[in-house]
Amino acid sequence: MATTLISIQSHVVYGHVGNSAAVFPLQRLGCEVWPIHTVQFSSHAGYQGWRGRAFEAALIDECVAGLEAIGVLSRCDGVISGYLGKAETGEAALRAYAAVRAANARARYFCDPVIGDEGRGVYVDPAVAAFLRERAVPAAEVVTPNAFELAWLTGRDVGTLAGLREALALLRARGPKVALVTSARLESTPSDALDMIACEGDVLWRLQTPKLPIAVNGSGDLVAALFFLHWLRTGSAAQALASAGSAVYAVVAATVKAGSRELQIVAAQDEIVNPSHRFAPEPI
């Protein structure tokens, strides 16, 4: 039976961020995805002249109530939440998860705590950031902050391995069993490489890949979705990190080769299923 996930994230008409970066790759891996959009924009906000709007939280409640009415929530294996737009939207995402858990006690909640990034700082509404710290992260089984978000959530310097380890311990003490740091830069990270670090129990796993000459929107959304699916299927953070990290590296490499500003998710879709180069994580 295929894995089935509800994905509550942003959506763009053009390009690949949020649900537009997560849904097709998950489907390509044989996952049934039921997307619920928190916003719909013409493109990501990095484009001058973008248009669109955030949806009301009630729309999430209505969609979930409709799924409940037709009796399909018991098929759902997990709920993903990404970019929220409003704190009320986050509360609706938690209500969605509660409804799914009432129908399927084995369902899991995955939170990508979209708060900010290095160089930009916090770029969401302060109420959203507070909601993620106080409500969403403690409710989640798996979380995928970037390094900036991990530091913001825990108040720790994550530029050293000791600091990162302490921050992850604090994060896990709040509720999540598994965490993936999607963009770690440690004192031991070479200047021409990037690290992703997964934490499961007291063990940290590092996946190091070459640094590519591009910063592309949506890669965090892509790796987060793939990591959650592979973790659900294997029960192993190390295996999920290897599969997700290798696939995202290959897609970003294809994006560089194409000279594109948008992830080449469709053109490089075979790399999502069978990456041409596989990177192996190491315990640290």
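Nothing here was measured: the structure is a model prediction, and the numbers come from that model.
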- Query: Step by step, would you call Asp77 with Arg108 a side-chain contact (heavy atoms from CB on, under 4.5 Å)?
  - Reply: CA-CA 6 Å; Asp77 300 294; Arg108 300 292 181 257; over 6 Å; no
- Under a single-linkage definition using a 4.5 Å side-chain heavy-atom cutoff for Ile, Leu, Val, Met, Phe, Trp and Tyr, are Val128 and Val143 assigned to the same hydrophobic cluster? yes
- Going by distance alone, is a donor N or O of one side chain under 3.5 Å from an acceptor N or O of the other, for Ser276 and Glu271? yes
- Report yes if the distance between the aromatic ring centroids of His44 and Tyr47 is under 6.0 Å, otherwise no. yes
- Non-hydrogen atoms of Gln9 and Ala22 that approach each other most closely: NE2-CB, 3.7 Å
- Which pair of non-hydrogen atoms, one from Val273 and one from Leu29, has the smallest distance, and what is that distance? CA-CD2, 3.9 Å
- Task: State whether the side chain of Thr255 and the backbone N or O of Gln264 hold a donor-acceptor pair below 3.5 Å, judged by distance alone.
- Result: yes
- Out of curiosity, Ser20 OG to Ile265 CD1, how far, rounded to the nearest 0.5 Å? 8.5 Å
- Item | Glu56 atom CD, over 12 foreign heavy atoms within 6.0 Å | no
- In Å, rounded to the nearest 0.5 Å, how long is the span from CG of Leu241 to CG of Leu207? 4.5 Å
- Indicate whether any N or O donor in one side chain lies under 3.5 Å from an N or O acceptor in the other, for Tyr97 and Ser81. no
- Any idea which heavy atoms bring Ala129 and Ile115 closest together, and the distance? CB-CG2, 4.2 Å
- Message: Between Asp125 and Leu84, is the side-chain contact (heavy atoms from CB on, under 4.5 Å) condition met? List the steps.
- Response: CA-CA 10 Å; Asp125 187 281; Leu84 298 172; over 6 Å; no
- Query: Should Ile6 and Val33 count as side-chain neighbours, where that means a heavy-atom distance under 4.5 Å?
  - Reply: no
- side-chain contact (heavy atoms from CB on, under 4.5 Å) with Ile8: which of Ile60, Leu94, Val64? Ile60
- Item | Residue pair Arg133 / Thr154, side-chain donor-acceptor N/O under 3.5 Å | no
- Smallest separation among heavy atoms of Asn104 and Cys76, with atom names: ND2-O, 2.9 Å
- Message: Is there a path of hydrophobic side-chain contacts, each under 4.5 Å between heavy atoms of I/L/V/M/F/W/Y residues, joining Leu194 to Ile214?
- Response: no
- Message: Does either side chain, that of Ser7 or that of Asn19, offer a donor lying less than 3.5 Å from an acceptor on the other one?
- Response: yes
- Any donor-acceptor pair under 3.5 Å from Arg172 side chain to Gly201 backbone: yes
- Message: If the threshold is 4.0 Å, N to carboxylate O, is there a salt bridge linking Glu200 and Lys177?
- Response: no
- What is the distance from atom CG of Asp195 to atom OG1 of Thr209, rounded to the nearest 0.5 Å? 8.0 Å
- So, for Ala179 and Leu171, which heavy atoms are closest and what is the spacing to 0.1 Å? CB-CD2, 4.0 Å
- Message: Between Asp61 and Arg95, does any side-chain N to carboxylate O distance fall below 4.0 Å?
- Response: yes
- Does the side chain of Leu212 come within less than 4.5 Å of Tyr249's, by heavy atoms? yes
- Message: The test is side-chain contact (heavy atoms from CB on, under 4.5 Å); show your working for Glu282 and Ile284 and say whether it passes.
- Response: CA-CA 6 Å; Glu282 59 177 0; Ile284 55 174; 4.3 Å; yes
- Message: Does the plane of the ring in Trp50 sit parallel, tilted or perpendicular to the ring in Phe41? Use 30° and 60° as the thresholds.
- Response: tilted
- Message: Using modelled atom types and a 3.5 Å cut-off, is there a donor and acceptor pairing between side-chain atoms of Ser246 and backbone atoms of Phe279?
- Response: yes
- What's the spacing between Glu149 CD and Asp117 CG if we round to 0.5 Å? 6.5 Å
- Shortest non-hydrogen contact between Tyr109 and Val79, atoms and distance: CD1-O, 3.4 Å
- Query: Do Trp205 and Val142 belong together in a cluster built from hydrophobic side chains that touch within less than 4.5 Å?
  - Reply: yes
- Quick one: does Leu263's side chain get under 4.5 Å of Val252's, heavy atoms only? yes
- Item | Phe148 and Arg120, any side-chain heavy atoms less than 4.5 Å apart | no
- Query: Any chain of hydrophobic side-chain contacts (each under 4.5 Å) joining Leu226 to Val17?
  - Reply: no
- Message: Between Thr144 and Asp112, is there a side-chain donor-acceptor contact under 3.5 Å, judged purely by atom types and distance?
- Response: yes
- Message: Under 6.0 Å from the ring centre and within 45 degrees of the ring axis: does the NZ or CZ of Arg135 meet both conditions for the six-membered ring of Phe131?
- Response: no
- With a 4.5 Å limit on heavy-atom distance, are the side chains of Val124 and Tyr83 in contact? yes
- Spacing of CG belonging to Leu26 relative to NE2 belonging to His230, to within rounding of 0.5 Å: 8.5 Å
- Linked, directly or transitively: Val23 and Val223 (ILVMFWY side chains, under 4.5 Å): yes
- Task: Please report the C-alpha distance between Leu170 and Arg156 in whole Å, then the side-chain angles of each, then the deciding distance to 0.1 Å, and finally whether the side-chain contact (heavy atoms from CB on, under 4.5 Å) criterion is met.
- Result: CA-CA 9 Å; Leu170 287 170; Arg156 295 296 187 270; 3.6 Å; yes
- Any side-chain heavy-atom pair of Thr4 and Trp34 under 4.5 Å: yes
- Message: Taking the side chain as everything from C-beta on, heavy atoms only, tell me whether Leu180 gets closer than 4.5 Å to Ile197.
- Response: no
- Query: Is the closest basic N to carboxylate O distance between Asp270 and Arg28 below 4.0 Å?
  - Reply: yes
- Hey, does Glu141 have a side-chain heavy atom less than 4.5 Å from the side chain of Val178? no
- From Leu73 CG over to Glu68 CD, what is the distance, rounded to the nearest 0.5 angstrom? 5.5 Å
